[in-house]
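To start, the structure under review is shown below, and the notes come after it.
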Amino acid sequence: MGPLSREAWAQRLGAFRMSPSTFMAGAESEDLGRDLLSDLRNEKLSEPTKVSLLALSLEYPDKLWPDALAAEAAATFLLDTLLLLPPRPSALRRPLLLAATTTLLVGGALSPTSGASCRLLPLLLGLALGRDVGRGFGPTSEQRLLQATACECLRELESCKPGLLRGSLGLLRSLSGQAGPIQPLSMLLALVLRNTLVVQSRSGAGLQDLLVAGVFSPGGGSWDWTLAEEADDQLLPQTPSWPAAEKEPGLAGLEPSPEEARELRAAVAQLLDTSYLLTTVAQAQLLWLLGWALRGLRGQSPVIFKPQLARLLGTAQVTLLHSVLALKAAFGEALFTAQDEALLLRRLTLAAQHPALPSPTHLFYLHCLLSFPENSPLGLEGEEAAPLLLGHQLCRSLMPDLLNDPMAFLARLHLLCLLCAEDEEQEKGQVPSPRQYLLELLAGLRQRAALDGSPQDLATLCFQASYLVASCLAMQPSVVKPLIHGLSQLYRARPLLAPRFVDLLDRVGPELGRPLKEVLWQEVVTRPGKGEALCCHLQILEKVAEGGAHRATLNFLQAAAIHCTDWGRQQALLRVCQALLRTGGGDGLADLLQGLARQLEDPDGRDHARLYYSLLVHLAGPKLRVALGPSLATPALASSLVAENQGFVATLMVQETPPPIRLSVEPHRAKGPLPMLQLQVEVLDPAYSLELRFCVQGQLYAPLKAIHIPCLCPGRPAHPLYLPLQPRRPAPAQLHVQALYTTPTGLTCHAHLPPLTVNFANLFLPFPQIPKGSERDFFERLWDSCLPKGVESCVWCPLGPQGLEALVSHHLEPFVVVAQPPTSYHIAICLPPDSMLLLRLEAAQVDGVPVVLRTNDWDLLPLAGDYIRGLAAC
Amino acid sequence: MAQRAVWLVRHEPGTPVCGTVRFSRRFPTVEKRAKVFNGASYVPIPEDGPFLKALLFELRLLDNDKVFVESRDSCSRINKTSVYGLSVGGEELWPVVAFLKNGMIYACVPLVEQTLSPRPALISISGISQGLEFLFGMQDFLYSSQKNDTELNTKLSQLPDLLLQACPFGTLLDANLQNSLDNIGFASVTQPQKQPAWKAGTYKGKPQISISITEKCDLEGIMPNVTISLNLPTNGSPLQDILVHPCVTSLDSAILTSSSLDTMDDSAFSGPYKFPFTPPLESFSLCYYTSQVPVPPILGFYQMKEEEVQLKILVNLKLHESVKNNFEFCEAHIPFFNRGPITHLECKVSFGQLEVFREKSLLVWIIGQKFPKSMEISLSGTVTFGVKGHNKQPFDQICIGSTAYVKLHFRILDYTLTGCYADQHSVQVFASGKPKISTNRKLISSDYYIWNSKAPAPVTYISLLP
């Protein structure tokens, strides 16, 4: 793309600023950084346009040059551009310096190996020290501004890479006493000094000669990359937050020699003495920085700050007073005696309500009062409290009144609550009593909130104030009682506030919550309404109705049902019923639900009523609560409708889970009319009301009956389970097993278990009622009956080392009809429904026995063959 | 002590988004530090669009903000400062310092140099006060001597360049943006050593000192005021709650401690109040004070009673004899809130004229430059109202039922209620050349309310004290 005109750039920059991410996703994005740089040298563009291009690179270097390589290239280009500027005044030099610094820092390209860094740093330091940095670097008139800018760039570099300028500390110090812009140099010196102290104390090194002027080497030898090279977590908070900072070891590791301590004191004193020449925001930064830097440093007394304090206390300038509070927090009694503390509190109180200050400042000072860093704090750390020295006298001017804006009102109300909570006895002598005043205020708020058509803000304020008072003074009946009474009056006047009442009930403790529920319930059931009021009543009732359903509640609902003509209201009505179910149902509830199931117009409403009715009559109390209660897994969704539905779904729907048990088929001594599968249970998770369902593939067997087990717990021995099989054909099969059970949390779960295999042998049954004494005849009759319909075959049964006798007794014992141990066995197996398998095992040899078999069922032949051949291996 | 980003948002109710971002500036080097310091609790600065939406929602400035939203309006979500948490993309951006003034929302996000969970107390975050100062500075710049939208737009267009000077890297160097503007102009001046950073250059004109004392008057016991090196007459009311400009170099401890919070006695310090200072170039407020004068300048009562369909009103005003009876203007405003338009009025004033604003339900009694010889004037009559129009008549959350007030607006030149004055001869100037010294004084009404004595009025605790 060729050079752009001013207008084209304005349009492009506008599009970028509108949404950088959208712009960068577009087609033009890749060229933006490149075009921007090249147009900086475009002579057709005016300086202001170029400045606005640089301003963009100051704000979004990460978008323009996203990696270190690109950032390095961009910074190099910016520095080249700087050198190419003609030696006349130019508005571009400052932004070019700022842009090069920002680009290197944000791109992560600042390092001793980066060419741009090695050019920028000496240039900045040279400019900051007021030295001649080379040919044509701007006219002298611009030097002062460039010097200040270079200081700011160095300060930012030192902020992001603490310790970088450690080697230049002495140089900077020697310079700050001489000519040069006072603020940039002071601020830079203060930061480098502070960082040096921390870095040296961490490494356990002394200050050495760092405070004394070094020699400026333009080659860049004075950069300390050791820390800058380390990970980012070496960043040092310039103005650490207490109390976290109080727990830090501070500078205990630093043990300056007496000379070093003297030098340090002189350096700090020099900075403080000229601090009045700085802008107020810079003064505040300086105090904050030096205060926390010297905290806990041996040989440095905080008294050095004292001359500044009286001057600072006279102003209520927010950054200055804040920095005094920071000094207070850093040094406590060492800098502020009890009298000083009292004076500071006085000034703070005064500033917190001074008509000459803006409201955000008032609010901030009120916050500072309640979080005041006291010399000897009594309360818990991090908890807001009224400082001890802030007596009733001072507090009086900070009492809330209805003319305050909402935030100021709440802040002042909090203070008033703290006063009322502090000591109930103390206030007896006071006229009027703060508590009485508090109650009047709350009444005023409620009156405003009750006003028809009053804005939401008033209602919000009223409920926030009520909550605040309830949480501070819940233990004082003289406050809680009128509060509850007032709130019930408010509800009567404006039922539309129902959502706020529900919210309040959700948040407050039982001291207020329980009696408030009671009065609201009274309010609702004694004043049935129609239309919007009815919706509100139902909303409240859902929250406050308790189980054991009062007759009055049920009567109310019964009456309300007539007015619930649309879906929304019916749902609201049903939600109350649901709440009643959850809290214990009650006698008349079933009747009500049954009535609703017939009476409601909306089919969805009728369905719900029917469902609740079924739940009520079928489930016991605890299970009912679980079924209706919110699920533990309810995701945090904005809509309560969805959330409730989720909970409902979770509890009433069957959950798919991994199986709670493991089943295995056990060998089993067959008897009875049907084959029986013996199952061993291994319990993995507790399961209640377990139902095991079996299903056989194909229609080999008749449908299997489910097995019910009331309770299974891991670690407790489980009885074996017996599953009767009703084969339609005598064939092995796979059983699919499903478990349906309840977890201890009440969820109903479903699990698929691994399939069970029914082997051929599992279907064997002995012939019943073999006449004693005539076994041989019996067997022969059977043998003969197989033919001609059936089949005879001969199979070689390999024998293991134990021999035939062991094999028979192990596998075929129940079926032996005639035995002549150890050589001959006649075996008859019954295979329901109507097959049989007859075996003659005779004339065993060493490694096997020939088995002659007959069956009346041709289909059995391959199965029997496989079975016999596999016996020895079993 | 730095800012991660700053915004100016114009609140535009009635438009689809209800506002536009008029200016924004991000500070990427600070953002990089925030990422490290905040660690897992780091939430990035959103783009302007999402920020605007979240800000307007949190400040309840969207047009459809009439419903209760639990996440914002819950009774337990109590915000007592101008610092907010904005929900952006499922995360909470905190701390956002923001306030609305003259239809413009000023907002910034200070850097917190530690993890944000648990949240540190605001008092321990240096960027909070800096952020406030930054925003006040922008507000002063935009609204000082600015009269219309064109001027506002001009000033807004100057902001990017100004911030390059005043806040190049997110650490504020000077909250007085006008200084930065002047700085550009003063670039070619060779400056002497020890030039204060808050003084953009050297003054080239004729030396002069101009002192103006403005006393503001309200009837609730606290009175805002402005002054310089000051004296009181023998019976003057002591000056209290004195706040001085940061350029004041030292303060007498009596000035520092004189406070309206103490019970008054004769031993109270009554001046002279000396303020040694180095003045900045621009005109500035050297100090603010309050005072408790024994009697209000205009005494009066207001009686309003509802009688069936009409209101019966009676206002009586009396100028205190010690007060200079020479006003620049004096008016009594009698508003009627939460009612319909005025349909019928029968009123009689003993002095001055009455103006009726029917649609606004407001009576303005123009008293003029002087009270009559008797010093006492009255207004009486009846007012009838029509049906309340939708949002046409003024709503007020305090003036419910018969709770009502008369508000006085007046200004008296060359007069102060405390008697406070600046003696031209007592001004000491240590500089070459004799400056021209001029002084003037004036008294301006501020919140001067007279409440209806026939109905409950909003009380303040102090006024309840015996």
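In what follows, every chain begins at residue 1, and chains take the letters A, B, ... in the order their sequences are listed.
- Residue C395(A) does not touch chain B at all, counting heavy-atom pairs closer than 4.5 Å.
- Side chains of S74(B) and R507(A): a donor on one and an acceptor on the other come within 3.5 Å.
- When only modelled atom types and interatomic distance are considered, H367(A) and K80(B) share no side-chain donor-acceptor pair under 3.5 Å.
- Looking at F463(A), both its backbone and its side chain come within 4.5 Å of chain B, counting heavy atoms on both sides.
- The part of P120(B) that comes within reach of chain A is its side chain, from C-beta onward, which places non-hydrogen atoms under 4.5 angstrom from that chain.
- Within the 4.5 Å cutoff, side-chain heavy atoms of D73(B) are placed close to those of R500(A).
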Can L410(A) and N79(B) be said to form a side chain to side chain contact (heavy atoms under 4.5 Å, CB included), step by step?
-> CA-CA 8 Å; L410(A) 289 170; N79(B) 200 8; over 6 Å; no
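- The two residues Y288(B) and A356(A) come nearest to each other via the heavy atoms CD2-CB, 3.0 Å.
- Atoms OG and CG, on S129(B) and L325(A) in that order, are 9.5 Å from each other to the nearest 0.5 Å.
- Looking at L394(A), both its backbone and its side chain come within 4.5 Å of chain B, counting heavy atoms on both sides.
- For H354(A) (side chain) and D241(B) (main-chain N/O), a donor-acceptor pair under 3.5 Å exists by modelled atom type.
- Taking the side chain as every heavy atom from C-beta outward, T279(A) and L172(B) never approach each other to under 4.5 Å.
- Proximity of a side-chain donor or acceptor of Q183(A) to a complementary backbone N or O of L173(B) within less than 3.5 Å is detected.
- In this structure, chain B has a heavy atom under 4.5 Å from the side chain of P358(A), while its backbone stays farther away.
- Interface remark: H414(A) contributes side-chain atoms only to the contact with chain B (heavy atom separation under 4.5 Å).
- Heavy atoms of S359(A) lying under 4.5 Å from chain B are absent altogether.
- The contact between F136(B) and chain A is made entirely by side chain atoms (from C-beta outward), counting heavy-atom distances below 4.5 Å.
- Side-chain contact between M407(A) and S82(B): present, with at least one pair of heavy atoms (C-beta onward) separated by less than 4.5 Å.
- Contact tally against chain A (heavy-atom pairs below 4.5 Å) for D48(B), I398(B), V83(B): the top residue is I398(B).
- Proximity of Y60(A) to P28(B): side-chain heavy atoms (C-beta onward) are nowhere separated by under 4.5 Å.
- Closest heavy-atom contact between H322(A) and I123(B): NE2-O, 2.6 Å.
- Judged by distance alone, the side chain of Q464(A) and the main-chain N or O of C75(B) form no donor-acceptor pair under 3.5 Å.
- Contact annotation: the side chain of Q317(A) approaches that of E133(B) to within less than 4.5 Å [non-hydrogen atoms, C-beta and beyond].
- Annotation: side chain of L122(B) is not in contact with side chain of S371(A) (no heavy-atom distance under 4.5 Å).
- I255(B) touches chain A through its backbone: at least one of N, CA, C or O sits under 4.5 Å from a heavy atom, while the side chain does not.
- Using a 4.5 Å cut-off between heavy atoms, L458(A) touches chain B through its side chain atoms alone.
- Both the backbone and the side chain of T361(A) have a heavy atom closer than 4.5 Å to some heavy atom of chain B.
- A donor-acceptor distance shorter than 3.5 angstrom exists from the side chain of R94(A) to the backbone of L164(B), with no hydrogens or angles considered.
- For chain B, no part of L461(A) is nearby; none of its heavy atoms comes within less than 4.5 Å.
- Proximity to chain B (any heavy atom under 4.5 Å) is shown, for V106(A), by both the backbone and the side chain.
- Rounded to the nearest 0.5 Å, atoms CD (E70(B)) and CG (D506(A)) are 6.5 Å apart.
- Contacts with chain A were tallied for V30(B), I125(B), N338(B), V248(B); I125(B) has the most, counting heavy-atom pairs under 4.5 Å.
- Residue contact with chain A, scored on non-hydrogen atoms closer than 4.5 Å, involves the side chain of L251(B) exclusively.
- Pairing each heavy atom of V281(A) with each of A175(B), the nearest pair is CG2-N, 4.0 Å.
- Contacts of D396(B) with chain A are made by backbone atoms alone, with heavy-atom separations under 4.5 Å and no side-chain atom involved.
- Using a 4.5 Å cut-off on side-chain heavy atoms (C-beta onward), S259(B) and R346(A) make contact.
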Step by step, would you call D503(A) with F68(B) a side chain to side chain contact (heavy atoms under 4.5 Å, CB included)?
-> CA-CA 10 Å; D503(A) 173 56; F68(B) 170 74; 3.7 Å; yes
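- The pair E156(A)-R33(B) meets the salt-bridge criterion, since a charged nitrogen lies less than 4.0 angstrom from a carboxylate oxygen.
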Chi angles and distances behind the side chain to side chain contact (heavy atoms under 4.5 Å, CB included) call for T171(B), R155(A) | CA-CA 10 Å; T171(B) 305; R155(A) 182 146 75 108; 4.0 Å; yes
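- Applying the side chain to side chain contact (heavy atoms under 4.5 Å, CB included) test between L350(A) and each of I242(B), L243(B), L256(B) identifies L243(B) as the sole match.
- Judged as a salt bridge (charged side-chain N to carboxylate O under 4.0 Å, His left out), and not counting sequence neighbours, E47(B) has no contacts.
- Between the OG1 atom in T315(A) and the NE2 atom in H245(B) there is a gap of 9.0 Å [rounded to 0.5 Å].
- Distance CD1/I78(B) to CG/L468(A): 4.5 Å, rounded to 0.5 Å.
- Side-chain contact check for T101(A) versus F169(B): some heavy-atom pair is nearer than 4.5 Å.
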